[in-house]
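Shown next, in structure tokens, is the structure this report addresses.
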Amino acid sequence: MKPPNQLTDEELKNLIGNYRRLKRTDDTAYPELLEEWSRRKGLGLDFDTTMRAVARAAQEGRFLSYKQLAEESGADWSRVHYVMNTHLGDLIEYSHRQGWPLLSAIVVNQRNVDTGDMEPQTLKGFVTAAKELGYAVADEEGFLREQQEKVFEWARGRGASDDQSH
């Protein structure tokens, strides 16, 4: 197989679909395909930058807003606003496939950066993505808080070095 960055969009999309259809998403190549897809479709959102920003915020024990995340990549919030959910959905799946907690748990609306609360629609999307990955979720708010704490613990265990995103 060619490296993901040498595949056409169509080839990449087909490969991701085939991995999912064949239930081979635990294959080590699959997260690399997801990362490349997110890089291409992010309209300026950079996957590596997002992971570093989330790791840094978690290391500092703080939540991060969507707009702050866009600014970290040098992306125009008004341009990436509509692809942010897809970008973070890719991050959820990528982090799960790496054996990490669901990193997007600490990314919230600007008005909630002090509390870590998610708006009802955002929480619903987060939980839906988690369920699609096989997580059992009975208490949505409790699941979110559990994942947030796991992200903070994960970051403390890794250190805040920018080169530790993978």
Checklist entry - Within the side chain of Asp27, is there an N or O that forms a donor-acceptor pair under 3.5 Å with the backbone of Ala29? => result yes

Checklist entry - Got Val107 and Val54 here, is their nearest side-chain heavy-atom distance under 4.5 Å? => result yes

Next on the checklist: Ring-plane angle category for Tyr94 and Trp100, please: parallel below 30°, perpendicular beyond 60°, tilted otherwise.
Outcome noted: perpendicular

Item to check | Check: Ile92 main-chain N/O paired with Ser95 side-chain donor or acceptor under 3.5 Å | outcome: yes

Next on the checklist: Looking at every heavy atom in both Val151 and Ala105, which two are closest together, and how far apart are they?
Outcome noted: CG2-CB, 4.4 Å

Item to check | Side-chain (Thr25) to main-chain (Arg20) donor-acceptor, under 3.5 angstrom | outcome: no

Item to check | Non-hydrogen side-chain atoms of Met51 and Asp48 separated by less than 4.5 Å | outcome: yes

Next on the checklist: With rounding to the nearest 0.5 angstrom, report the OG1 to CG distance, Thr128 to Leu123.
Outcome noted: 9.0 Å

Next on the checklist: Please determine whether side-chain contact (heavy atoms from CB on, under 4.5 Å) holds for the pair Asp117 and Asn109, giving the CA-CA distance in whole Å, both sets of side-chain angles, and the decisive distance to 0.1 Å.
Outcome noted: CA-CA 8 Å; Asp117 294 339; Asn109 288 16; over 6 Å; no

Item to check | Donor-acceptor under 3.5 Å (Gln148 side chain, Gly116 main chain) | outcome: yes

Checklist entry - Any donor-acceptor pair under 3.5 Å linking the side chain of Ser65 with the backbone of Gln68? => result yes

Checklist entry - Hey, mind stepping through Arg111 and Glu119 against side-chain contact (heavy atoms from CB on, under 4.5 Å) and telling me if it holds? => result CA-CA 10 Å; Arg111 69 176 156 265; Glu119 299 297 320; 3.1 Å; yes

Checklist entry - Below 4.0 angstrom, N of the basic side chain to O of the carboxylate: do Glu146 and Lys150 qualify? => result yes

Item to check | Heavy-atom check, side chain of Trp77 versus side chain of Met84, under 4.5 Å | outcome: yes

Item to check | Between OG1 on residue Thr8 and CG on residue Leu15, distance to nearest 0.5 Å | outcome: 9.0 Å

Checklist entry - Does the distance from a Lys or Arg side-chain N to an Asp or Glu carboxylate O, for Lys2 and Glu32, drop under 4.0 Å? => result no

Item to check | Residues Glu72 and Arg52 bridged, charged N to O under 4.0 Å | outcome: no

Item to check | Interatomic spacing from CG in Leu33 to CD1 in Ile16 - rounded to 0.5 Å | outcome: 5.5 Å

Next on the checklist: What verdict does the side-chain contact (heavy atoms from CB on, under 4.5 Å) test give for Arg24 and Asn18, after you've listed the backbone C-alpha separation in whole Å, the side-chain angles of each residue and the deciding distance to 0.1 Å?
Outcome noted: CA-CA 8 Å; Arg24 292 191 51 213; Asn18 287 340; over 6 Å; no

Checklist entry - Between Ala58 and Phe152, which heavy-atom pair has the shortest distance, and what is it? => result O-CD2, 3.4 Å

Next on the checklist: For the NZ atom of Lys131 and the CG atom of Leu133, what is their distance to the nearest 0.5 Å?
Outcome noted: 12.5 Å

Item to check | Pair Glu141 + Arg145: basic N to acidic O under 4.0 Å | outcome: yes

Checklist entry - Just by modelled atom types, is the Pro3 backbone N or O under 3.5 Å from a matching donor or acceptor in the Gln6 side chain? => result no

Item to check | Working for side-chain contact (heavy atoms from CB on, under 4.5 Å), residues Leu88 and Leu69 | outcome: CA-CA 10 Å; Leu88 292 175; Leu69 204 55; 3.7 Å; yes

Checklist entry - Atom CD in Glu36, atom CG in Leu7: separation rounded to 0.5 Å? => result 8.0 Å

Checklist entry - What is the minimum heavy-atom distance between Tyr135 and Leu102, and which atoms define it? => result OH-CD2, 3.6 Å

Checklist entry - How many angstroms lie between OG1 in Thr50 and CG in Leu64, if you round to the nearest 0.5 Å? => result 8.5 Å

